[in-house]
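Only one structure is covered here, and it is reproduced in the block below.
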Amino acid sequence: MTPAQQNALNTLWETYCLEPDVEYDYNTVFGRAAPLVLEIGFGNGAALAEMAEANPERDFIGIEVHKPGVGHLMRLAQQKKLMNLRIFCHDAIEILENNIPDNSLAAIHLFFPDPWPKKRHHKRRIVRDDFIEIISRKLKPGGYFHAATDWENYAEHMLEVLNRSKTMINTSPTSDFCNRPDYRPLTKFEKRGIRLGHNAWDLVFKKQDG
């Protein structure tokens, strides 16, 4: 935790952070009705701040448990004067279950989640059948779930899990992975990985209409 991040937590919390024990009307929170995008595990928040700045017609909610990352994102939000961004510093599954109405989200983003690479830890991965069932409920018909990872094994695992869903449809023309959409910024770690010859895999699944 840097002094600047701690200062942001101390001074900007009430501006940007939402509380998990409060029931929110997000049209009231943002002062308008707009497509709502949720990002799970935003890390240091740089990519989320970039997306919020580039898409002022959309509202964004980020979830992250790591407080230095929350502080960093709040500093970015203040610097960029972002009015379309709010944050939950809490467990993502609990927020999805308790704070996000069903059929309310235009999109859910999950970029570079912890891959838990050791086989004995695979059960800790967030993308499981029960997780996909939750996000399917929270998305509007036609809304999408976009996941990205730089671990090929995790990419294949996510594809396998998503393909089991009865309500989520793969948007890839090859029925596997997509090219990185323009709206997903490259992170500094991803740029470094590309220089080293590493790959990233994007999956975009859309909730069926009706």
Heavy-atom closest pair, residues F131 and L96: CE1-CD1, 4.1 Å
How close do S165 and I132 get, counting heavy atoms only, and between which atoms? CB-CG2, 3.9 Å
Where the side chain of R180 meets the backbone of R184, is there a donor-acceptor pair that is under 3.5 Å apart? yes
Measure from the side-chain N and O atoms of K80 to the backbone N and O of A49, and report whether any donor-acceptor pair falls under 3.5 Å. no
So, do P141 and N103 sit near enough that their side-chain heavy atoms are less than 4.5 Å apart? yes
L36 side chain reached by I61 side chain, heavy atoms, under 4.5 Å: yes
Return yes if some donor-acceptor pair links the side-chain N/O of Q5 with the main-chain N/O of H72 below 3.5 Å, else return no. no
Rounded distance [0.5 Å steps], CG in L9 versus SG in C89: 7.5 Å
Please say whether more than 12 non-hydrogen atoms of neighbouring residues, nucleotides or ligands are located less than 6.0 Å from CD in Q79. yes
Check whether any side-chain N or O of Q208 sits under 3.5 Å from a backbone N or O of K166 as a donor-acceptor pair, and report yes or no. yes
Please test R137 against E97 for salt bridge (Lys or Arg N to Asp or Glu O under 4.0 Å), starting from the C-alpha separation and ending with a verdict. CA-CA 10 Å; R137 280 194 285 111; E97 286 282 26; 3.1 Å; yes
Looking only at non-hydrogen atoms, find the nearest pair between P113 and A148 and report the distance. CD-O, 3.4 Å
Does the ring center of H146 lie less than 6.0 Å from the ring center of Y183? yes
Side-chain donor/acceptor of T171 to backbone N/O of V204, under 3.5 Å: yes
H122 to K118 - nearest heavy-atom pair and separation: CD2-O, 3.1 Å
Which heavy atom of A52 sits nearest a heavy atom of L82, and at what distance? CB-CD1, 4.1 Å
Taking all atoms of both residues into account, what is the closest heavy-atom pair of P56 and N84, and its distance? CA-ND2, 3.8 Å
Main-chain N/O of P3 paired with N7 side-chain donor or acceptor, under 3.5 Å: no
From CA spacing to verdict: side-chain contact (heavy atoms from CB on, under 4.5 Å), I63, L38: CA-CA 8 Å; I63 306 176; L38 180 76; 3.7 Å; yes
Gap separating the CG atom of L85 from the CZ atom of R58, nearest 0.5 angstrom: 14.5 Å
Show the numbers, then the answer: is there a side-chain contact (heavy atoms from CB on, under 4.5 Å) between W13 and E19? CA-CA 10 Å; W13 185 278; E19 301 299 337; 2.7 Å; yes
Check whether any side-chain heavy atom of F30 lies under 4.5 Å from a side-chain heavy atom of R86, and answer yes or no. yes
CG of L186 to CD of E50, rounded to nearest 0.5 Å, is 8.5 Å
Would you call K140 and L105 a side-chain contact if the rule is heavy atoms closer than 4.5 Å? no
For a 4.5 angstrom cut-off between non-hydrogen side-chain atoms, does S104 reach Y26? no
Within a strict 4.5 Å, meaning less than it, do heavy atoms of the F205 and N163 side chains meet? yes
One pair to check against ring-ring contact (aromatic ring centres under 6.0 Å, His included): F88 and H90. What are the steps and the verdict? CA-CA 6 Å; F88 280 107; H90 197 74; 8.0 Å; no
Rounded distance [0.5 Å steps], CG in L73 versus CD in Q78: 12.0 Å
Under a 4.5 Å cut-off applied to non-hydrogen side-chain atoms, are F177 and D202 in contact? no
Stepwise side-chain hydrogen bond (donor to acceptor under 3.5 Å, both in side chains) test for E156 and W151: CA-CA 9 Å; E156 292 170 347; W151 284 79; over 6 Å; no
A quick test of your reading: do over 12 heavy atoms of other residues, nucleotides or ligands sit less than 6.0 Å from CE of M1? yes
Report yes if some heavy atom in the side chain of D150 is under 4.5 Å from a heavy atom in the side chain of N199; otherwise report no. no
Between the CG atom in N44 and the CZ atom in R75, the distance rounded to the nearest 0.5 Å is 11.5 Å
Does CG belonging to D182 count more than 12 external heavy atoms closer than 6.0 Å? no
Keeping the roles fixed (side chain from N55, backbone from E57), state whether a donor-acceptor pair exists under 3.5 Å. no
Verdict with supporting geometry, L48 and F60, side-chain contact (heavy atoms from CB on, under 4.5 Å): CA-CA 8 Å; L48 179 52; F60 291 81; 3.9 Å; yes
Cationic N near anionic O, under 4.0 Å, D59 to R32: yes
Around atom CG of N179, are there more than 12 heavy atoms from other residues, nucleotides or ligands closer than 6.0 Å? no
Quick check against the 3.5 Å criterion: does Y16 have a side-chain atom that pairs as donor or acceptor with the backbone of V70? no
Any sub-3.5 Å donor-acceptor pair from K207's side-chain atoms to Y144's backbone N or O? no
With rounding to the nearest 0.5 angstrom, report the CG to CG distance, D102 to L139. 10.5 Å
Begin from the C-alpha positions of D176 and T174 and carry the test side-chain hydrogen bond (donor to acceptor under 3.5 Å, both in side chains) through to its verdict. CA-CA 6 Å; D176 49 13; T174 53; 2.4 Å; yes
For the pair E64 (side chain) and G43 (backbone), establish whether a donor and an acceptor sit closer than 3.5 Å, ignoring hydrogens and angles. yes
Take M51 and H109, measure what side-chain contact (heavy atoms from CB on, under 4.5 Å) needs, and give me the verdict at the end. CA-CA 11 Å; M51 283 187 291; H109 295 161; 4.0 Å; yes
